[in-house]
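Every chain is numbered from 1 and lettered A, B, ... according to where its sequence line falls, protein lines coming before strand lines. What you are looking at is a predicted structure, and each value in this text was computed from that prediction instead of being measured. Atom set for the values below is all heavy atoms of this structure, side chains included, hydrogens, waters and symmetry mates excluded.
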2 protein chains.
Amino acid sequence: MSASTKLSTAVKALSCLAKTPDSVQTSAEIADAIGVNASKLRSLLSALAKQGIVKTIKGKDGGFKLNRKCSEIDLQEIYCGVEDRRAFHLDVHTGIPAENNGAQKINFFFNDLFLEIQADIENKMKNITIQTIINKTA
Amino acid sequence: MSASTKLSTAVKALSCLAKTPDSVQTSAEIADAIGVNASKLRSLLSALAKQGIVKTIKGKDGGFKLNRKCSEIDLQEIYCGVEDRRAFHLDVHTGIPAENNGAQKINFFFNDLFLEIQADIENKMKNITIQTIINKTA
DNA sequence: TCCATTTGTTATTGTTACTGTAACAATTTA
DNA sequence: TAAATTGTTACAGTAACAATAACAAATGGA
């Protein structure tokens with residue numbers, strides 16, 4: 001699952017949970033509603049649980065529910081929850097002979113540039129909450 | 001080759017060519033200098049040639065040289081040259097049952113968001129030329 | 001206590017994508 | 001014609017990925 005797919009799938013699941021703030025939904029129910037595999041979804045939601053975004057209840061009559069208000073869950077932390085790498089991580093080719101430090105310096109240049117781009121993206125995502133998305137897609 | 005690796009590899013090759021603006025270098029020479037496979041490099045440079053960024057001379061004593069001043073080659077067009085998809089393209093999961101248009105609307109939301117991010121990145125890259133990078137890594 | 005249910009995680013399987021290299025046709029100069 | 005070089009295709013090996021299945025662990029109720 002690509003990073004961007006994970007993010008959008010997680011948002012769909014959270015929006016689904018937002019409809020029933022007081023009761024749980026099982027992974028099967030959510031998966032069915034948003035059209036993804038239940039097993040895959042469980043691993044996504046379990047990551048979000050570790051971030052404190054959702055609450056999980058195991059066992060009979062268990063399932064998932066939101067652990068916070070929709071306005072207090074932003075895209076940046078969802079992304080960090082479901083993806084171990086940083087947002088939109090980019091890599092440079094580092095298989096360069098050590099003595100060629102021109103190429104090495106270009107690697108450093110791109111590392112810096114990509115970090116800067118990542119920061120821009122993260123700032124953008126911090127300002128978008130689940131509530132924002134629910135409002136816009138209502 | 002990932003998109004970001006292509007970009008940095010292309011920049012390394014162009015910087016290499018910038019050292020000898022008046023004579024050609026073969027793919028083997030450049031590949032050796034920057035530590036990549038010559039065949040892979042040729043396909044990268046051939047894409048840049050189609051963009052008018054480098055000039056190729058085929059046959060005996062042939063090779064590659066820059067077709068423009070370093071200050072007139074920016075990262076955005078290098079990226080477009082070596083990658084068929086748009087810069088840092090992001091995809092959303094679209095395997096959703098058609099009747100569920102909540103999920104569909106979230107897909108649209110993310111498509112818009114990702115397009116916006118792409119535009120930000122492209123603007124950033126347009127302002128960086130090979131000359132900029134040579135200056136910073138000299 | 002035992003059973004049904006549900007999460008959390010691992011394994012499996014098939015498929016796709018990628019990587020590095022080689023090969024070779026087409027082109028060009030001498 | 002011979003040598004050199006690009007441009008493109010092919011290929012084998014590997015890695016990554018997707019979709020699913022399987023099952024241990026946890027939980028609540030009969």
**OP:** Figure out the CG/C1' separation between L41(A) and dT20(D), and round it to whole Å.
**Re:** 14 Å
List the atom pairs, with distances to 0.1 Å, where a side-chain N or O of residues 58-65 of chain B and a protein N or O form a donor-acceptor pair under 3.5 Å, not counting sequence neighbours.
none

Original post:
Starting at the 5' end of DNA chain D, which residue's closest nucleotide do you reach first, S27(B) or K40(B)?
Top reply: S27(B)
Subject >> Contacts of type side-chain contact (heavy atoms from CB on, under 4.5 Å), residue C16(B), not counting sequence neighbours >> reply: Q25(B), I30(B), A33(B)
Original post:
Are any side-chain N or O atoms of E29(A) and backbone N or O atoms of T26(A), one a donor and one an acceptor, separated by less than 3.5 Å?
Top reply: yes
Original post:
Once you round it to whole Å, what is the distance between P of dT7(C) and CG of L17(A)?
Top reply: 11 Å
Subject >> Rounded interatomic separation in angstrom, taking CZ from F64(A) and P from dT27(D) >> reply: 14 Å
Original post:
Side chain of S39(B), base of dA22(C): donor and acceptor closer than 3.5 Å?
Top reply: yes
**OP:** Might you point out which heavy atoms bring I134(A) and A18(A) nearest each other, and give the distance in Å?
**Re:** CD1-CB, 3.8 Å
Can you give each donor-acceptor pair under 3.5 Å made by side-chain atoms of residues 43-50 of chain A, sequence neighbours left out, with the distance rounded to 0.1 Å?
{"unit_1": "S43(A)", "atom_1": "OG", "unit_2": "K40(A)", "atom_2": "O", "d": "2.9"}

Original post:
Going by number, which of residues 43-61 of chain B have a non-hydrogen atom under 4.0 Å from DNA chain D?
Top reply: S46(B), K50(B), T56(B), I57(B), K58(B), G59(B), K60(B), D61(B)
**OP:** For each nucleotide in nucleotides 11-17 of chain C, reading 5' to 3', give B when a protein heavy atom comes within less than 4.0 Å of its base, S when such contact involves only the sugar-phosphate, and - otherwise.
**Re:** -------
**OP:** Spell out, as yes or no, whether a donor-acceptor pair under 3.5 Å connects the side chain of N123(B) to the backbone of A119(B).
**Re:** yes
Original post:
Under 4.0 Å between a side-chain N/O of N37(A) and OP1 or OP2 of dT20(D), yes or no?
Top reply: yes
Subject >> Rounded distance (Å) that lies between atom P of dT9(D) and atom CZ of R42(B) >> reply: 13 Å
Original post:
Residues two or more places apart in sequence or in another chain: which of them pass salt bridge (charged side-chain N to carboxylate O under 4.0 Å, His left out) with D112(A)?
Top reply: none
**OP:** Please test K126(A) against E77(A) for salt bridge (charged side-chain N to carboxylate O under 4.0 Å, His left out), starting from the C-alpha separation and ending with a verdict.
**Re:** CA-CA 8 Å; K126(A) 271 184 195 139; E77(A) 61 181 338; over 6 Å; no
